[in-house]
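Remarks on the structure that follows.
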Amino acid sequence: LTLHDYKLICPAYLMLRNGKICNLCGGKHFWHAVAERCQDASFSKSALLAFEAYWHKWFKSYNNIDIFISPSRFLAKLVSQNRDDVKKVVIIPNGIELANFDPSYKDHAYILFLGRLTSQKGVETLLKAYESMNMDGTQKLNLKIVGDGPLLDILKRKYNNIEFMGKKVGDELKEIIGNSSFVVVPSKGYENCSMSVLESMAMGKPVIASNIGGLPEQVEDWKTGFLFEMGNVEDLAHKMKLLAQDRELRVKMGMAGRKKVEKEYSFDVHGQKLLALYEKLMAGEYS
C-alpha cells in the first residue's frame, strides 16, 4: 500500500489546526478530529472521519497489509507512531523522469514560488521576507509567484509590487523554473516528498525550504540550497539574501541539486527499488 498523504490512517490528515501544525491524534486518539472539527470545520464530517479511523483500528484492517510504502522517512515515522497495525514501512521516495527536465544554469534574476496559494504553503512568509530584504545597494531580484488558490486575490491586493503569474503547467512552467535564480518552498504545513522541490532541483535550481516534514530529506542545507526555521521571516530573508548576492553559489548549489536528483530520485532508481521490493514480497520475505 503506497502512502502519499495522511488520509489512510490519520483523520486529521492535513495536520493543521487553526492554521498551525497539529498532531493531537498521535495515531490513536482520533476523537480529537471531532473536537477540533478537522474535516471542513464540520462536526458530522469529522465524526465520520474519526469513526472510520477507529473502525479500521478496532477491526485491524491494516494487519492484512504486508508492506506500506512511504515516500519519506518523515511520513514513515508519522504514520507508524503509537500503532500496532502498521508494522512494516518501506521508504521509497517519489521518482521523476529526468529526460523531461534539462537543467538550466542561466539566470534571469528572479526568485520563484510555485504552488497552491493557501496558508499552509507559507507564501505570505515568503512575501514578508522578500519585502524585508536589504540588498545593500546590490540589484534586488524580482519575485514571481506561480499558482492559484483561495489567497490569490487577497495577496495580489496586499502585495501589488509582486508578479502573480497564475497557474502554469507543462513546458511553460519548466521555462519559468529554468530561468529563475532559485526556488523557495516556505511551507507551514507538513510536506511529504515535494514534487515542486524535485522539479526545481532537476532543472538545476537551488531550493530554500522550511525545515519541517520531508523537506530536509530533499534539500541538503548549504549544499543543494538552504533550510530555514518554519515561519521565521528574518531567517528566510537572510537565506534568500545569501543566494541573491552570490550567483556562483546559486550555480554550485543548482548543480549539486541536479546530481542529488539523478542519484536518489530518478524514475530508474525508483523503479529498481520497487522491483526489488516486489521480488521480496513474492519470495515471502515480508509474510
Discussion item. Does Leu49 form a side-chain contact (heavy atoms from CB on, under 4.5 Å) with Glu52? I'd like the steps, not just the answer.
Written reply: CA-CA 5 Å; Leu49 201 62; Glu52 180 184 7; 4.2 Å; yes
Hey, are the side chains of [X] and [Y] touching, using non-hydrogen atoms and a 4.5 Å cut-off?
{"X": "Lys188", "Y": "Thr125", "answer": "yes"}
{"X": "Ile67", "Y": "Leu281", "answer": "yes"}
{"X": "Asp107", "Y": "Val251", "answer": "no"}
{"X": "Leu141", "Y": "Tyr110", "answer": "no"}
{"X": "Phe226", "Y": "His238", "answer": "no"}
{"X": "Leu126", "Y": "Ile145", "answer": "yes"}
{"X": "Leu274", "Y": "Ile69", "answer": "yes"}
{"X": "Val183", "Y": "Ser196", "answer": "no"}

Determine whether a donor-acceptor pair (N or O, by modelled atom type, separation under 3.5 Å) exists between the side chain of [X] and the backbone of [Y].
{"X": "Ser46", "Y": "Phe43", "result": "no"}
{"X": "Ser210", "Y": "Met230", "result": "no"}
{"X": "Asn179", "Y": "His108", "result": "no"}
{"X": "Glu229", "Y": "Asp235", "result": "no"}
{"X": "Arg250", "Y": "Phe182", "result": "no"}
{"X": "Ser180", "Y": "Ile111", "result": "no"}
{"X": "His270", "Y": "Pro93", "result": "yes"}
{"X": "Glu217", "Y": "Ser72", "result": "no"}
{"X": "Lys205", "Y": "Ser104", "result": "yes"}
{"X": "Tyr54", "Y": "Phe30", "result": "yes"}

Worksheet item: Think Lys239 forms a cation-pi with Phe228, using NZ or CZ under 6.0 Å from the six-ring centre and within 45 degrees of its axis?
Response: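 No, Lys239 does not sit over the ring of Phe228.
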Worksheet item: Using the ring of each side chain (for Trp, its six-membered ring), is His29 parallel, tilted or perpendicular to His32, with breaks at 30° and 60°?
Response: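 Rings of His29 and His32: perpendicular, over 60°.
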Fill in: Trace of the side-chain contact (heavy atoms from CB on, under 4.5 Å) decision for Glu163 with Leu143
CA-CA 7 Å; Glu163 184 177 0; Leu143 173 61; over 6 Å; no
Worksheet entry | Gap separating the CG atom of Asn160 from the CG atom of Leu155, nearest 0.5 angstrom |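 Spacing of CG (Asn160) from CG (Leu155) equals 12.0 Å.
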Worksheet item: Do you know which two heavy atoms are closest between Val184 and Met240, and how far apart they sit?
Response: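 That closest heavy-atom pairing would be CG2-CG, 4.4 Å.
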Practice prompt. Would you name the heavy atoms of Cys193 and Asn94 that are closest together and state the gap between them?
Written response: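 Nearest pair, atom of Cys193 first, then Asn94: O-ND2, 3.0 Å.
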Item to complete: Check the pair Lys121 / Glu191 against salt bridge (Lys or Arg N to Asp or Glu O under 4.0 Å), numbers first and verdict last.
Response: CA-CA 9 Å; Lys121 292 298 183 180; Glu191 298 282 353; 2.8 Å; yes
Worksheet item: When you check the side-chain N and O atoms of Tyr159 and Glu124, is any donor under 3.5 Å from an acceptor?
Response: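 Yes - a donor-acceptor pair under 3.5 Å links their side chains.
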Discussion item. Test of understanding: clusters of I, L, V, M, F, W, Y form through side-chain heavy atoms closer than 4.5 Å, transitively. Do Val146 and Val123 belong to the same one?
Written reply: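 Val146 and Val123: separate clusters.
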Worksheet item: Under a 4.5 Å side-chain heavy-atom rule over Ile, Leu, Val, Met, Phe, Trp and Tyr, are Tyr265 and Ile92 clustered together?
Response: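 No, Tyr265 and Ile92 fall in different hydrophobic clusters.
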Worksheet entry | With Glu172, the side chain to side chain contact (heavy atoms under 4.5 Å, CB included) member among Lys174, Glu175, Lys168 |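 That would be Lys168.
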Fill in: Verdict with reasoning, Asp66 to Lys88, per salt bridge (Lys or Arg N to Asp or Glu O under 4.0 Å)
CA-CA 7 Å; Asp66 293 315; Lys88 305 182 186 71; over 6 Å; no
Worksheet entry | Worked verdict on Glu262 versus Arg258 for salt bridge (Lys or Arg N to Asp or Glu O under 4.0 Å) | CA-CA 6 Å; Glu262 291 173 351; Arg258 172 69 187 198; 2.9 Å; yes
Discussion item. Assess the residue pair Asn161 and Glu131 against the criterion (side-chain contact (heavy atoms from CB on, under 4.5 Å)); give the C-alpha distance rounded to whole Å, side-chain angles, the decisive distance to 0.1 Å, and a yes or no.
Written reply: CA-CA 10 Å; Asn161 60 325; Glu131 285 195 337; 4.1 Å; yes
